[in-house]
Amino acid sequence: MKELLRTNDITAIAFAKALLDGEGIDCFEMDVNMSVLEGGIGILPRRLMVRQADLFQARAIMRDNGIEYEERD
C-alpha cells in the first residue's frame, strides 16, 4: 500500500474515497482511531492508502478534481 493523501480535512478524505470508489480503486483509510488519543480535536492527520498498481491513476484522479496531495515515495 502507498500513501495517496494525508490530511486533517475529513471532508477531503470522504470526497477522495468517493472518487476512488467511483473509479473502482480500492483504498484504505488509516489513523481514523487516533482521535481517541488526541481527544477528537483533529490535529493528527489521516492517511488514505491505495495499492501500488493503482497509485498513478489515483493521483490523476486527485489532480483532476482539485484535491491537493504530496507525493511521498
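Values below: every heavy atom of this structure, side chains too, minus hydrogens, waters and symmetry copies. This structure is a prediction, so every number in the text was calculated from the model and none was measured.
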Engineer: Kindly compute the distance separating CD1 (I13) from CE (M30), expressed to the nearest 0.5 Å.
Structural biologist: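 The distance works out to 11.5 Å.
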Engineer: Enumerate, atom names and distances included, each donor-acceptor pair closer than 3.5 Å involving a side-chain atom of residues 49-56, sequence neighbours excluded.
Structural biologist:
| residue | atom | partner | partner atom | Å |
| --- | --- | --- | --- | --- |
| R51 | NE | D54 | OD2 | 3.1 |
| R51 | NH2 | D54 | OD2 | 2.9 |

Engineer: Once side-chain contact (heavy atoms from CB on, under 4.5 Å) is applied, do any residues pair with R6, and if so which ones, sequence neighbours excluded?
Structural biologist: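 side-chain contact (heavy atoms from CB on, under 4.5 Å) check on R6 returns E3, P45, R47, R72.
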Engineer: Quick check on the hydrophobic clustering: are M1 and L4 connected, directly or via other members, by side-chain heavy-atom contacts under 4.5 Å?
Structural biologist: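 Different clusters.
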Engineer: Nearest heavy-atom pair of A16 and L5: which atoms, and what distance?
Structural biologist: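 Shortest heavy-atom separation between A16 and L5 comes out as CB-CD2, 3.9 Å.
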Engineer: Determine which pairs satisfy side-chain hydrogen bond (donor to acceptor under 3.5 Å, both in side chains) with at least one residue from residues 15-29, sequence neighbours left out, and list them in order.
Structural biologist: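 Of all non-adjacent pairs touching residues 15-29, those that pass side-chain hydrogen bond (donor to acceptor under 3.5 Å, both in side chains) are K17-E29, E29-R46.
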Engineer: Pairs of donor and acceptor atoms involving the side chains of residues 60-69, under 3.5 Å and at least two apart or interchain, shall be tabulated with distances.
Structural biologist:
| residue | atom | partner | partner atom | Å |
| --- | --- | --- | --- | --- |
| R63 | NH1 | Y69 | OH | 2.8 |
| N65 | ND2 | I61 | O | 2.8 |

